[in-house]
Amino acid sequence: MDIAARNLRDRLRGALIAAAATPMTASGEVDLDVVSRYLAGLVADGATGLAVLAHTGRGPYLAPDVRAAVIERAVALGVPVLAGVGGGPSDTAEQASVAAGLGADGVLVFPSEGDRVALHEEVWQAARLPMIAFDLYTRPCPAGTMRELLRHPGVAGLKTALLSDAMGCQRAIALTREAGRLAITGEDRMFGPSLLWGAEAALVGIAAASVGVTAAVLEAFRGKDLRVFEEASGRLDRLALATFTEPMEGYVQRMLWLAAAEGRVPESHAHDPYGPPLPEQERAGVVTASR
């Protein structure tokens with residue numbers, strides 16, 4: 001493993017990396033001052049790292065200048081920053097190179113339809129930034145491909161986000177640990193179990209708001225009181241039940257509703273124009289679950 005990847009792996013072990021949303025208006029306009037306050041609030045409330053422009057942050061839909069500015073605002077907070085790259089028609093390697101120039105600590109590489117191993121190599125050659133591979137429910141990674149990715153010198157870890165595939169999650173965690181990489185849970189609906197299965201860090205969209213609920217589970221897991229862990233996991237599960245449900249892509253809007261209810265973002269910027277429309281009456285149930 002490359003020394004940069006090893007260093008990031010060790011730095012992120014035990015971390016709660018919030019997969020941050022990108023606050024925006026209904027028409028998709030981004031106010032960078034709102035972004036700064038929002039990201040700073042996540043860190044103040046328990047996130048020890050930030051993943052920006054990832055699935056939750058709608059990175060594939062954002063213009064290059066907006067992407068760059070969001071990375072800059074995140075880096076200014078002094079915590080480890082991962083930037084989502086790929087996921088659309090834009091040049092994944094170029095996005096990674098820009099992220100490196102702006103001070104990001106690593107990149108989260110969106111799953112691709114083509115040769116995933118070749119894509120990671122292209123990103124590595126362009127940016128020399130440590131990479132987090134991504135096993136995502138919309139495009140699960142075959143076991144053989146996963147093993148190849150985990151042998152790449154620039155891959156520091158792998159995030160699994162399979163939602164309901166417990167065996168797939170267990171396999172990904174086991175393969176990642178066997179390869180000496182960091183096993184990162186992105187399992188909002190299997191958060192507690194994924195820690196018990198061996199995940200060593202978290203990168204989750206459910207920490208895009210109510211971040212303290214997620215932080216409490218990690219803190220309890222590191223402790224010795226099983227009852228405290230059980231109670232903390234129960235609180236997170238109830239929140240996940242209300243936010244990570246069908247239509248699943250609506251979770252971004254639900255987390256933005258929570259962010260607005262908590263005063264993290266103004267109502268004017270609590271919109272996800274790229275997700276499915278949700279009935280307004282659902283919002284009350286989401287906010288109630290967070291309490």
Side-chain angles (χ1 to χ4, degrees), residues 18-31 34-35 38-39 42 51-63 66-67 70 83-90 92 108-113 134-141 159-165 168-169 185-191 203-211 213-214 236-262 264-291:
T22 303
M24 62 183 80
T25 66
S27 61
E29 296 176 5
V30 177
D31 184 322
V34 171
V35 170
Y38 165 67
L39 295 178
L42 296 180
V52 296
L53 310 174
H55 195 185
T56 309
R58 298 305 194 202
Y61 300 100
L62 302 181
V66 175
R67 289 179 53 88
V70 170
V85 296
S90 54
T92 304
L108 178 70
V109 184
F110 280 84
S112 63
E113 292 184 359
F134 197 0
D135 192 13
L136 182 62
Y137 68 97
T138 58
R139 196 168 287 154
C141 186
K159 166 182 169 167
T160 174
L162 298 176
L163 285 177
S164 61
D165 183 357
C169 177
T185 180
E187 301 294 357
D188 308 90
R189 291 299 300 266
M190 299 188 289
F191 191 83
L203 196 172
V204 283
I206 203 165
S210 300
V211 63
V213 177
T214 312
L236 185 141
D237 287 344
R238 289 189 291 275
L239 179 60
L241 182 63
T243 51
F244 284 77
T245 187
E246 297 296 341
M248 195 58 64
E249 280 300 296
Y251 86 87
V252 176
Q253 179 60 74
R254 298 181 190 108
M255 296 312 299
L256 283 164
W257 281 341
L258 283 186
E262 295 168 359
R264 299 180 187 277
V265 300
E267 291 287 346
S268 59
H269 287 72
H271 296 276
D272 174 27
Y274 305 107
L278 300 178
E280 182 62 26
Q281 59 265 32
E282 185 178 344
R283 181 172 187 160
V286 169
V287 173
T288 298
S290 72
R291 295 171 180 165

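Taking T25 as the reference, S27, E29, H269 meet the side-chain contact (heavy atoms from CB on, under 4.5 Å) condition, with sequence neighbours excluded. Evaluation of the side-chain hydrogen bond (donor to acceptor under 3.5 Å, both in side chains) rule for Y38 yields no partner, not counting sequence neighbours. Residues that satisfy the salt bridge (Lys or Arg N to Asp or Glu O under 4.0 Å) test with D188, not counting sequence neighbours, are absent from this structure. Listed by chain and residue number, R116, F134, L136, R139 satisfy the side-chain contact (heavy atoms from CB on, under 4.5 Å) test with P111 (two or more places apart in sequence, or in another chain). Take T160 and apply the side-chain hydrogen bond (donor to acceptor under 3.5 Å, both in side chains) test, not counting sequence neighbours, and it matches E187. The salt bridge (Lys or Arg N to Asp or Glu O under 4.0 Å) check on E262 picks up R264, with sequence neighbours excluded. Every residue meeting the side-chain contact (heavy atoms from CB on, under 4.5 Å) condition with A207, not counting sequence neighbours, appears here in chain and number order: L16, A18, V204, V211, T214. For the salt bridge (Lys or Arg N to Asp or Glu O under 4.0 Å) test, residues two or more places apart in sequence or in another chain that qualify with R58 are E249, D272.
Using a 4.5 Å heavy-atom threshold, the side chains of T185 and F191 count as touching. V85 has its side chain within reach of R67: a pair of non-hydrogen atoms, C-beta onward, lies under 4.5 Å apart.
Counting all heavy atoms, side chain and backbone alike, G57 lies closest to T22 at O-OG1, 2.7 Å. The heavy-atom pair separating L162 from G168 by the smallest distance is CD1-C, 3.5 Å. In plain terms, the two heavy atoms of A161 and G186 that are nearest each other are CB-O, 3.7 Å. For the residue pair L42 and A20, the shortest heavy atom distance occurs at CD1-CB, 4.0 Å. Closest approach of V34 to P266, counting heavy atoms only: CG1-CD, 3.8 Å. P273 and M24 get closest at one heavy-atom pair: CD-SD, 3.5 Å.
The aromatic rings of H55 and F110 sit perpendicular to each other, their planes meeting at more than 60°, with 30° as the lower class boundary.
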Give the table of side-chain donor-acceptor pairs shorter than 3.5 Å for residues 237-246, with sequence neighbours excluded, one pair per line with atom names and distance.
| from | atom 1 | to | atom 2 | distance (Å) |
| --- | --- | --- | --- | --- |
| R238 | NH1 | G234 | O | 3.4 |
| T243 | OG1 | L239 | O | 2.8 |
| E246 | OE1 | M248 | N | 3.3 |

Only pairs under 3.5 Å count here: list side-chain donor-acceptor contacts from residues 275-287, not counting sequence neighbours, and write none if there are none.
| from | atom 1 | to | atom 2 | distance (Å) |
| --- | --- | --- | --- | --- |
| E282 | OE2 | R254 | NE | 2.5 |
| E282 | OE2 | R254 | NH2 | 3.3 |
| R283 | NH1 | E267 | OE1 | 3.4 |
| R283 | NH2 | E267 | OE1 | 2.7 |
| R283 | NH2 | E267 | OE2 | 2.9 |

